[in-house]
Amino acid sequence: MTSLLAGNRAQSVSARPKNLSLSNVLAYGEHMARFWRPGSERPRATLVDDEEGGVLFVSAPPSSSSSGFGHSSLERQRQRLPVFKYRDAILYLVENHATTIIVGETGSGKTTQIPQYLKEAGWAEGGRVVACTQPRRLAVQSVASRVAEEMGVKIGEEVGYTIRFEDQTNPSVTVIKFLTDGVLIREMMDDPLLTKYSVIMVDEAHERSLSTDMLLGLLKKIQRRRPELRIIISSATIEAKSMSTFFQARKKDLLHAAEDCVPSHLPAILSVEGKGYTVEIHYVEEPVPDYLQAAVHTVLSINDKEPAGDILVFLTGQDDIDAAVKLLREDTQDDRRRTSGLLVLPLYSGLSRDDQGLVFAPTPKGKRKVVISTNIAETSLTLEGVVYVVDSGFSKQRFYNPMAIEEDGFGERGGRRRGKEEEKEEKRRNHTYSQQHTMGDGEISDIESLVVTPISKASARQRAGRAGRIRPGKCFRLYTEEYFLKEMPTEGIPEMQRSNLVSCVIQLKALGIDNILGFDWLASPPPEAMVRALEVLYSLGILDEDAKLTSPIGYQVAEIPLVLALTSIDPMISKMILSACNFGCSEEIITIAAVLSVQSIWVSMWGAQKEFDEVKLHFAAAEGDHITYLNVYKGFLNSGKSSQWCYKNYLNYQAMKKVVDVRDQLSRLLRRLGLALKSCEKDTQAFILLSHWIFRVPIVLEFCTILYFVACIILRKAIIAGFFANSCHLEEYSHNGLYKTVRSSEEVYIHPSSVLFRVNPKWVVYHSLVSTNKHYMRNVIAIDPSWLIEAAPHFYQLRAPNLAPC
DNA sequence: GAGCACTGC
């Protein structure tokens, strides 16, 4: 397989699975004329043997065919892309194989060109559509507009795109459609066989995101029912082989298909070289004791010894990055001569839009930009002008622990009771190269945690590639070559195997896949996670005893677009929304749901903690954080959705805008499901006015208080309908706010960011747990324990003795 | 009195 990757060495590489004999391949040659689509030329390809592994290559000479748009400068640019040489080979393979896997480095042009080639070859005729999926929204938008530009059409016409909150397609004219893989899965709910698509190209499949993996499994199923559908999988790494095995149809599915049928059920693999420049790799000779220090030293030494060019440093998270930025800036002050030319900038998603923007500004003359970044610069953002990459060899990854385990057994997190600084140091030192994946905390079950993890070879290559975008570059790896070769894992662990699967399960159930355990996964998720997901869904009343979706709740929950998220909390949110319809408070609850679905509505305030707390107090509600969010949302609307108002109140304007978007989507959805949108506040208000009018009850201040009080009870009951499993009670003699979860008596505390921090009500329900030096509950409301039994008698029956009101 | 890699519907 190594030969497959060596795109530069083997000018062009086209291979098929090894188990095909040469005669079979040559037979394809004979079929070419027969099955070749009119209008596209037969590829002038020659088949050659590869001595390394018996893989056959097609070496394609530069194609002479034109796509018929004349030779404008755009057209010339298109032809200069590496993928252009393979135009005919790609069309040939797609014609003859149900699945084609294209291995291509970045910059090969495959994403923008292949959909156009397919359209030119007639795959978008007769009302059919060519689809191309991307894992990220931004990529969908930018690729679509590039393709529209190249084709000289307006976006939303022949070329369109669909992402959440934005559909830029016109069903009667759109023939090339870009969309996120999540959107395509959602489209299956209305059209399970995706009948309007003739070809579906799944791009960036090597990233192995949860939705990409799910999509690939589903597409394989669809393929069996729709033999005419063509699938193209584009991947940047050698995983092509496992993809190929996965898509190879099983014998029993081919009873009626002849071995040499067209399209062939055997996937084809084609490798396309990228456009990147060579990157010289440097390793450290001895393992470094502290990657942060090492990164700082490396930056300084590059600045001393290497010619001009920006530096990109990969660290793990905000903490590390801020520390490194500080060290480098301090160094600037210590020694003006040596580093005065350095412009040091942090980059991570938590930064405000403006701060992120700094990174993209052109480097001032005579300065050298140093960007210290998380993984965000590995795939999501591309920095031009980078010539040097410093790779720490680590990144943060999410891990999910479905069941409680005694001892974590994967390594010591260490230093829990020590001072914060000391602990950080210890953590850093512990991340030597022999460290294995650390699985969360080991003490508490059903929790996801972020863990500093060694990256994979694929990631290391991707990071290095970032140095070769404008000219040959250098990559300095802060680990030894021996470690890279012998110990670093080839690929990362797919998200599917380290996530909570609740949303995945609902989604598949909604698509009519009953046997989840028997689903054909590209990478099987751990059975414990699967079992855990089924349990959670059963306890929420979303699945019945036979593990089928309940009607109507189960089906309705599946419709709500929060369920594709990656935590078990989301079906709880969905359940909360649906219950709110019965409680008559859906208007308020969808606002709460929208706020909970964005990361944080507050901007992080490092310096101005006191002012921040005071501002927050204006919105604070005694009942807890959820009600507080309602006050914030009201304030935002009253301000006319002003960004200025957000700034004054330490609120993240982008996040608030997203809250409005999500809320709109949810309200449209409830209307579509025929569920009432009601506001409990308005209802109680009406009730009091009515009492005043009929019974002459005077309206006094107390009534307004009662009104508020009643509304808050109704709201909290609706929240509990979804989150009853997350209840905790304050330990009786606890002076430090120690709570125990009712479900499993785990020790938890209210997070200091909560409005109930230090208030410590006797009973609370939380939205999520975050595990750092303690287990903290985030987003907490105070409750009456009797509401728990009322909301979930099936769940609390056996535990009733514990639930004596305090 | 603490801290959240990155996506996405």
Side-chain angles (χ1 to χ4, degrees), chain A residues 133-140 162-167 179-189 204 207-215 314-322 347-351 373-381 392 394-399 420 423-424 448-453 455 459 492 495 498-499 503-504 506-507 510 558-567 570 573-574 593-594 597-600 602-606 609-610 612-613 658 661-662 665-666 669 736-737 749-754 757-758 768-778:
Chain A
T133 74
Q134 295 289 320
R136 278 170 291 279
R137 294 160 53 90
L138 198 67
V140 169
T162 309
I163 53 180
R164 190 191 189 185
F165 305 131
E166 210 181 328
D167 184 9
L179 65 179
T180 45
D181 31 27
V183 170
L184 191 60
I185 294 176
R186 224 146 246 284
E187 281 190 6
M188 281 185 208
M189 285 207 177
E204 313 283 355
E207 287 186 24
R208 302 296 302 272
S209 77
L210 196 59
S211 39
T212 307
D213 266 25
M214 237 170 96
L215 181 63
F314 284 102
L315 294 181
T316 61
Q318 194 173 327
D319 265 8
D320 278 2
I321 290 169
D322 288 338
L347 178 63
Y348 41 82
S349 75
L351 286 176
S373 170
T374 58
N375 252 0
I376 195 170
E378 196 179 301
T379 48
S380 306
L381 299 176
S392 65
F394 291 103
S395 72
K396 276 193 191 175
Q397 283 202 357
R398 191 205 328 255
F399 282 91
K420 199 176 150 190
E423 185 184 324
K424 269 189 212 161
E448 289 180 311
S449 39
L450 278 174
V451 180
V452 175
T453 313
I455 61 167
S459 275
E495 208 178 358
R498 46 185 176 84
S499 300
S503 309
C504 222
I506 301 186
Q507 199 78 26
E559 285 262 333
I560 297 180
L562 296 167
V563 298
L564 243 190
L566 302 173
T567 60
D570 301 281
I573 294 187
S574 306
S597 77
V598 304
Q599 268 189 354
S600 172
W602 309 105
V603 284
S604 54
M605 272 298 117
W606 291 76
Q609 195 57 52
K610 213 168 147 237
F612 177 49
D613 284 350
K658 198 178 164 197
D661 279 347
V662 175
Q665 194 190 21
L666 290 174
L669 191 93
N736 58 350
Y749 296 84
I750 293 180
H751 196 277
S753 66
S754 167
F757 178 69
R758 280 208 283 246
S768 61
L769 280 184
V770 55
S771 172
T772 51
N773 58 341
K774 283 176 183 171
H775 298 302
Y776 285 108
M777 303 181 266
R778 279 200 306 191

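Throughout, protein chains are lettered first and strands after them, A, B, ... in sequence-line order, and every chain is numbered starting at 1.
For A:F757, taking side-chain heavy atoms from C-beta onward, the closest of the listed nucleotides B:dG8, B:dA2, B:dG1 is B:dG1. Of the candidates B:dC6, B:dC4, B:dG1, the closest approach to any side-chain atom of A:R758 belongs to B:dG1. For A:R398, counting side-chain heavy atoms from C-beta on, the closest listed nucleotide (B:dC6, B:dA2, B:dC4) is B:dC6. For A:S380, the side-chain atoms get nearest to B:dC6 when compared with the rest of B:dC6, B:dA2, B:dG8. Closest to the side chain of A:Q318, out of B:dA5, B:dC6, B:dG8, is B:dA5. When distances are taken from the side chain of A:T374 to each of B:dA5, B:dA2, B:dG8, the shortest belongs to B:dA5.
Within 4.0 Å (heavy atoms only), A:S395 reaches no atom of the nucleic acid at all. Counting any heavy atom pair closer than 4.0 Å across all strands shown, A:F165 reaches no nucleic acid atom.
Applying the side chain to side chain contact (heavy atoms under 4.5 Å, CB included) test to A:F757 and every residue at least two apart in sequence or in another chain returns A:I750, A:P752. Partners of A:T180 by side chain to side chain donor-acceptor pair (under 3.5 Å), not counting sequence neighbours: none found.
Taking 3.5 Å as the limit, the base of B:dG1 and the side chain of A:D613 contain a donor-acceptor pair of atoms between them.
Along DNA chain B, the nucleotide closest to A:P752 and the one closest to A:G317 are compared, and the more 5′ of them pairs with A:P752.
When only modelled atom types and interatomic distance are considered, A:E204 and A:T212 share no side-chain donor-acceptor pair under 3.5 Å.
Remark: the backbone N or O of A:I455 is not paired with any side-chain donor or acceptor of A:S395 at under 3.5 angstrom.
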